Enquirer: 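One structure is given below, represented as structure tokens, and several questions about it will come after.
Letters A, B, ... are given to chains in the order of the sequence lines, protein chains preceding strands, and every chain is numbered from 1. Note that the structure is predicted; figures quoted are calculated from it, not measured.
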Amino acid sequence: MKLTVAQLVSDALAALPDLAEAAAGIKAVDTLERTRDPSHGDFASNIAMRLAKPARKNPRELAAIIVAALPETDAIAKTDVAGPGFINFTLSPTAFHAEIETILDRGHEYGRRPHRNSPKILLEFVSANPTGPLHVGHGRHAAYGATVGNLLEAMGYPVSREYYVNDAGRQMDILGVSVWLRWLEAQGTAVPFPGAGYRGDYIRDIAANIDATGIAVSEADAVLDGVAADGGKDKPDDTAEVRAANKAARETYVGVLVDRAKALLGDDGFDRVRQQSLEAIRADIEDDLAEFGVVFDTWYSEQSLTKTGRIDDALAVLRDRHMLYERDGAEWFPATNFGDEKDRVVVRDNGVKTYFASDIAYHFDKRERGFDHLIDILGADHHGYVARVRGGLKAMGYDGDDLEVELVQFVTLYRGGEKMQMSTRSGEFDTLRQLRAEVGNDAARFYYVMRSNDQHLDFDLDVAKSQTKDNPVYYLQYAHARIQSMLRKAEEDGISVSLDNGLTQLGLLELAKEQALMRELSRYPEIIELAANNRAPQTLVHYLRDLASEFHSWYNDHRFLKDPDDLRDARLVLSVAVRNVIANGLGILGVSAPESM
RNA sequence: GCGCCCGUAGCUCAGCUGGAUAGAGUACUGCCCUCCGAAGGCAGGGGUCAGAGGUUCGAAUCCUCUCGGGCGCGCCA
């Protein structure tokens, strides 16, 4: 609808060669916006104000000239020049009727753009370390990422969703040793459990189900050979110094246990334990997310970067381009040249590649796989990485703008007005599974994206669970269910409904609320585009809320099943259009649109 | 100390990349079911858009500084 008006404006400009120079670089569509005040019509263009300076003319005069040049069309009822030089367009009823017809014809496709082949987008999100179940913070990443993916697909972009599995490095060793120790414990060999190990109950579950073929039971003495057994025990954390010292001691202790595990099991044996452990957790995460309606196209293994030589490839590219240098026995990337605070090591003096090297290689690989635009959805605490990873891509010859990073702020849970403690240790309430079980998938998906991603999120469990108008997700679902119920009622009462007839009678919808509803419905494609371009699902949430509110207001005033046939059919068409748009919007949010509640 | 994000109604937040008189929800007050969903609707009060400058036809929005809050600054992952 907006494009229709934009076309008229650009046609008018094309007919005015005097303005061609001043108008160069201005797209008509960018000058148009929906009016806030209905007395200003449906769309307003500020083009005359923007042209005033380069054309050296009074904006109101210019506006009048442009209006005079507009082509004839039955889509526009009238145009006005208003205020400092706005051109206000009032669309004709037929334009809105045509849009309603489109909403019914296209059904689930309404608001979606045709598929295009580029740019190919790689959307990476969640990517939580596979060392335990997802917690409520990851839930926000999952809901946000999935919704952004849906929005981009609605815009026609090819989107691939990817989860980067951090399955390499020390954390995996600690996971492996944690499971091994729990397994030994189950076999009767108790060893003081490391404070820096993973202590959750799920570790015991994994240990109980592990295939330990060929893995010998070790005696406690052997495990602790040369190890200060109390090194990992918790000590009173009285001061920051003591805590720091204890932390160091715990890290040392668990590190020594890892070495003992490798010595006793052999590298292969330890690797089997480790791989089984991480696969168990990764599979659990995949199930959890699938239940949440969040599905990935690829699970990309960090280990595979090493196995396939991708890290060496990436470093070789950098070396060829003279983007690495040696200092103090290590190999560095000059990140400061790309806006980072300091240069970063990629290969340590002991020959081990850093995590940053993996990150560069991973993003290099994304581009090498043919993706044009990379979107990383990261926790707000990761913002420090952005400059250096982008720098890495630039250093390899890619455009740094091809990497887009969306940061997601933290989530705080509230119950009974009280902020909840969410530490793993307290065990109070922290996993995504628990949250989903308590408030349901629909409310969780909805609440997670209700606020801007760069805003801290207060998640109120009581409101999310409530089944009243306090709860926005029920409010929306209710509007959908109410319309479905109305349609069922019409059928039960033997009312012969004809939507085809209704479509020819839309001229009967003369009430201000009906016209406001039609106007609101016609905004949907613009809302999808806006939400997609800004990676801002909350825009869609607020729109749907407004739409549902306008519907409730209208329907409360006019229960229409017993209206004369033509009027009734027209109103049913309008109701069905509302239902379609709500269903489509909820679909993008990953929230169900119920037949009844 | 340096960097990133944030500051809008009592509370939780929108505000369409600069538009016309700053909006919702919630809370509070009072109304509306003999009826196709009251899980709904209607009406009311509530603001120095943290503060100060600047850019221009026009600023909550862009720039600078100040104040306040969050997060990050390893040859960890």
Enquirer: Can you name the closest pair of heavy atoms from A:A335 and A:D343 and give their distance?
Expert: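 Looking at all heavy atoms of both residues, the shortest contact is N-OD1, 3.2 Å.
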
Enquirer: Test of understanding: with side chain to side chain contact (heavy atoms under 4.5 Å, CB included), list the residues that count as partners of A:V497, not counting sequence neighbours.
Expert: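 If we apply the side chain to side chain contact (heavy atoms under 4.5 Å, CB included) test to A:V497, skipping adjacent residues, the hits are A:A490, A:I495, A:L499, A:D569, A:L572.
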
Enquirer: For a quick check of understanding: with a heavy-atom distance under 4.0 Å over all strands, which category does A:H456 fall into, base, sugar-phosphate or nothing?
Expert: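 Here A:H456 touches the backbone only, sparing every base.
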
Enquirer: Quantified in whole Å, what is the C1' atom distance between nucleotide B:rA27 and nucleotide B:rG44?
Expert: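 B:rA27 and B:rG44 have their C1' atoms separated by 14 Å.
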
Enquirer: Among the nucleotides B:rA20, B:rG40, B:rC71, which one has an atom lying closest to any side-chain atom of A:N88?
Expert: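 When the side chain of A:N88 is considered, B:rA20 is the closest of B:rA20, B:rG40, B:rC71.
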
Enquirer: Looking at B:rA77, B:rG41, B:rC16, which one has an atom nearest to any side-chain atom of A:R36?
Expert: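 Ranking B:rA77, B:rG41, B:rC16 by closest atom to the A:R36 side chain puts B:rC16 first.
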
Enquirer: Quick one: is A:R348 getting a side-chain N or O under 4.0 Å of the B:rC76 phosphate, OP1 or OP2?
Expert: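 It does, given that an N or O in the side chain of A:R348 lies less than 4.0 Å from OP1 or OP2 of B:rC76.
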
Enquirer: Does B:rA14 have OP1 or OP2 sitting under 4.0 Å from an N or O in the side chain of A:Q455?
Expert: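 Affirmative; the distance criterion is met.
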
Enquirer: Looking at A:Y478, does any N or O in its side chain come under 4.0 Å of the phosphate oxygens OP1/OP2 on B:rA38?
Expert: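 Affirmative; the distance criterion is met.
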
Enquirer: Considering only the P atoms, how many Å lie between B:rC4 and B:rC49, rounded to the nearest integer?
Expert: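 About 26 Å, rounded to a whole number of Å.
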
Enquirer: Taking the side chain of A:R451 as its heavy atoms from C-beta onward, which of B:rC4, B:rU12, B:rA20 lies nearest to it?
Expert: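 Of B:rC4, B:rU12, B:rA20, B:rU12 is nearest to the side chain of A:R451.
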
Enquirer: Step through it carefully: locate the ring centre of A:H382, locate the ring centre of A:Y385, and say whether they are under 6.0 Å apart.
Expert: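 For A:H382 and A:Y385, the ring centres are under 6.0 Å apart.
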
Enquirer: Applying a 4.0 Å non-hydrogen cut-off, can you work out what A:D458 is touching in the nucleic acid: base, sugar-phosphate, or nothing?
Expert: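 A:D458: backbone/sugar contact only, no base atoms under 4.0 Å.
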
Enquirer: Under the rule syn = chi within 90° of 0, otherwise anti, which is B:rC65?
Expert: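 Nucleotide B:rC65 adopts anti.
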
Enquirer: Any strand counts, and the cut-off is 3.5 Å on both contacts for Watson-Crick or G-U wobble. Which nucleotide pairs with B:rC57?
Expert: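 Partner of B:rC57: B:rG19.
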
Enquirer: What's the closest nucleotide to the side chain of A:K342 if the choices are B:rG41, B:rA20, B:rC73?
Expert: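 Nucleotide nearest to A:K342's side chain: B:rC73.
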
Enquirer: Look at the side-chain N and O atoms of A:Q538 and state whether any lies under 4.0 Å from the OP1 or OP2 oxygen of B:rG15.
Expert: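 For B:rG15, OP1/OP2 do have a side-chain N/O of A:Q538 under 4.0 Å.
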
Enquirer: For A:I527 and B:rG15, what is the distance between atoms CD1 and C1' respectively, to the nearest whole Å?
Expert: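 Distance check: A:I527 CD1 to B:rG15 C1' gives 11 Å.
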
Enquirer: How close or far is atom P of B:rC2 from atom NE2 of A:H383, stated in whole angstroms?
Expert: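 The distance from NE2 of A:H383 to P of B:rC2 comes to 15 Å, rounded to the nearest Å.
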
Enquirer: Quick one: classify the glycosidic conformation of B:rU17 as syn or anti, with syn meaning within 90° of 0.
Expert: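 Syn, angle within 90° of zero.
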
Enquirer: Should A:Y475 be listed as having a side-chain N or O under 4.0 Å from OP1 or OP2 of B:rG41?
Expert: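 So the side chain of A:Y475 is within the cut-off, an N or O lying under 4.0 Å from OP1 or OP2 of B:rG41.
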
Enquirer: Of the nucleotides B:rG41, B:rC75, B:rC57, which has the atom closest to the A:M49 side chain?
Expert: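 Of B:rG41, B:rC75, B:rC57, B:rC57 is nearest to the side chain of A:M49.
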
Enquirer: Less than 6.0 Å separating the ring centroids of A:Y448 and A:F459?
Expert: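 Yes - the distance between ring centres of A:Y448 and A:F459 falls below the 6.0 Å cut-off.
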
Enquirer: Once you round it to whole Å, what is the distance between P of B:rU56 and CG of A:N46?
Expert: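 Taking CG of A:N46 and P of B:rU56, I get 17 Å after rounding.
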
Enquirer: Hey, is A:H552 doing a stacking thing with B:rG41, by the 5.5 Å centroid and 30° angle criteria?
Expert: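 No.
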
Enquirer: My understanding is that a pair needs two contacts under 3.5 Å, Watson-Crick or G-U wobble. By that rule, which nucleotide pairs with B:rU29?
Expert: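 Partner of B:rU29: B:rA43.
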
Enquirer: Looking at A:Y555 versus A:F551, is the centre-to-centre ring distance below 6.0 Å?
Expert: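 Centroid separation for A:Y555 and A:F551: below 6.0 Å.
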
Enquirer: Please answer whether B:rA20 and A:F86 are stacked, defined here as ring centres separated by less than 5.5 Å and planes angled under 30°.
Expert: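 So yes, this residue stacks on that base, both cut-offs being met.
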
Enquirer: Reckon A:R482 has a side-chain N or O less than 4.0 Å from the OP1 or OP2 of B:rA38?
Expert: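 Yes, within the criterion.
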
